[in-house]
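The next block holds one structure in the form of structure tokens; read it before the comments.
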Amino acid sequence: MTTFDFAARLARAREALAAQGCDVLLLSLGADLPYFTGYRAMPLERLTMLVVPVAGPAVLVVPALEAPRVTPCPGAFDIAPWQEGEDPLALVAARCRGVRRPAIGDTTWAKFLLALQERLPDAAFGPASAVTGGLRVRKEPAELALLRAASAAADRVAVRLAATEFSGKTERRLSAEVAALVVEEGHEAATFAIVGAGPHGASPHHEAGDRVIRTGDAVVVDFGGRWEGYHSDITRTFFVGEPPARFREVYDTVRAAQQAGVAAAGPGVPAQEVDRAARRVITAAGFGEFFIHRTGHGIGLEEHEAPYIIEGDTTLLEAGMVFSVEPGIYLPGEFGVRIEDIVAVTPSGADRLNEAPRDLIQVA
Ligand code: ZN
Ligand code: ZN
Ligand code: ZN
């Protein structure tokens, strides 16, 4: 297992807290908590909350029955287990006396925030992402290594998939096979496996169903898994049998758009420029109205996180930022095509973390 310097991360969080004029960071469900502690809380009704005062020791308030799952990290945070029947919000509130500007995790359950607001009536709560986002968006070398390992495993799945027989299987069955391959190739779990065959491919997030895949279908396969907490996410579009000219035209357009997006990425480039570069190619080919989503999203401890590759996101890309470039064309009633790779910004440009072939792949 990779180990991270949680004490150093917490020190940076305190600096960011101070810079934002906040006095405490409160983290519950979501990816911020494992980023600072290595512990991912179960999404259950018992409260888990890391309390990080701008000055003073950090404390993880955790249900006693879940405390054994926490790896202690003395010098970074203390562990305060609470017993059944105890009031965990009182433990948190006691550590927040006098605070005015808490930053609370964006995906904390509303019931906990509402209860805390009642107990800390003078506090004006703000989102933790304003404090943590700037830290998480630039990946450390050890995080990049995990994202690379996850992407390489996803590539192996894509390559094995190209040798698989598609026709005669339902989308659901192929999706289950993909999920199994994701685990076989070393992920700790598959997180999703979208299979959209024929006209279903025109719905970007189609849920695999009972449609039987047959010759003449384009099949969009988008899948990912978790590797030591870090995510992979790749899309390849296959064609069952001999693709007609119209499919080739659309496929080549998406492939060129994806290449243009990757080529546009680099340090100092606004995130929206990557979207523009990909979109320009698709629009020029006359398919602009059929590219119905943003070009990409950041990835790390979450499948979707900052930066977002979309018009209006002016985040200047920096070395260490990692995101998807995944343009698509979706023709209602006909088919869809999407090609997705994860890329990492380097000091001089951007590196693809996915290298599975992007040529038009015919399957049986
Ligand atoms: Zn998606
Ligand atoms: Zn995807
Ligand atoms: Zn994606």
Side-chain angles (χ1 to χ4, degrees), residues 3-137 229 301-302 305-306:
T3 50
F4 296 102
D5 190 345
F6 297 124
R9 286 181 176 177
L10 285 164
R12 287 198 290 276
R14 289 192 178 90
E15 279 168 32
L17 272 174
Q20 300 277 332
C22 296
D23 39 24
V24 66
L25 179 63
L26 301 171
L27 300 177
S28 182
L29 295 179
D32 282 344
L33 182 62
Y35 183 78
F36 291 107
T37 64
Y39 177 63
R40 201 178 274 268
M42 285 188 193
L44 297 174
E45 72 291 355
R46 294 185 180 96
L47 179 72
T48 299
M49 189 165 272
L50 179 71
V51 183
V52 188
V54 69
V59 178
L60 181 63
V61 174
V62 61
L65 79 164
E66 285 166 22
R69 300 177 56 237
V70 181
T71 305
C73 191
F77 58 90
D78 300 327
I79 301 171
W82 59 272
Q83 306 293 333
E84 299 280 52
E86 249 189 294
D87 174 8
L89 286 161
L91 295 178
V92 172
R95 287 174 166 81
C96 292
R97 258 181 227 116
V99 302
R100 309 303 291 244
R101 295 273 318 274
I104 189 160
D106 293 27
T107 52
T108 304
W109 282 5
K111 71 167 187 169
F112 296 132
L113 171 58
L114 291 170
L116 280 169
Q117 282 178 319
E118 216 165 276
R119 286 169 200 236
L120 304 169
D122 297 328
F125 285 80
S129 54
V131 173
T132 61
L135 305 179
R136 281 182 43 203
V137 78
L301 285 170
E302 286 176 286
E305 59 181 48

Expected output: side-chain Asp122 to main-chain Gly98 donor-acceptor under 3.5 Å: no
Residue pair Asp32 / Arg136, side-chain heavy-atom distance below 4.5 Å: yes
Gap separating the CG atom of Leu47 from the CG atom of Leu116, nearest 0.5 angstrom: 7.5 Å
Rounded distance (nearest 0.5 Å) linking atom CG of Leu50 with atom OH of Tyr39: 12.0 Å
Nearest heavy-atom neighbours spanning Ser28 and Met49: CB-CE, 4.0 Å
Euclidean distance, Thr132 OG1 relative to Gln20 CD, rounded to 0.5 Å: 10.0 Å
Min side-chain heavy-atom separation Val62-Ile79 under 4.5 Å: yes
Member of Leu10, Asp78, Val51 meeting the side-chain contact (heavy atoms from CB on, under 4.5 Å) criterion with Pro57: Asp78
Any donor-acceptor pair under 3.5 Å from Asp23 side chain to Val54 backbone: no
Ala76 versus Ala7, closest heavy-atom pair with distance: CB-N, 3.8 Å
Side chain Arg40, main chain Leu33, donor-acceptor under 3.5 Å: no
Considering all heavy atoms, the nearest Phe36-Ala13 contact: CE2-CB, 3.7 Å
Point-to-point distance, once rounded to the nearest 0.5 Å, from OG1 of Thr48 to CD of Glu66: 5.0 Å
Nearest heavy-atom neighbours spanning Ala58 and Arg14: N-NH2, 3.5 Å
Closest heavy-atom pair and its distance - Glu45, Phe112: O-CZ, 3.2 Å
Rounded distance [0.5 Å steps], CG in Leu65 versus CE in Met42: 8.0 Å
Phe77 side chain near Val70 side chain, heavy-atom distance below 4.5 Å: yes
Residues which pass salt bridge (Lys or Arg N to Asp or Glu O under 4.0 Å) with Arg100, listed by chain and number, not counting sequence neighbours: none
Separation of Gln117 CD from Ile104 CD1 (nearest 0.5 Å): 8.0 Å
Contact summary for Leu26 and Cys96, nearest pair of heavy atoms: CD2-SG, 3.9 Å
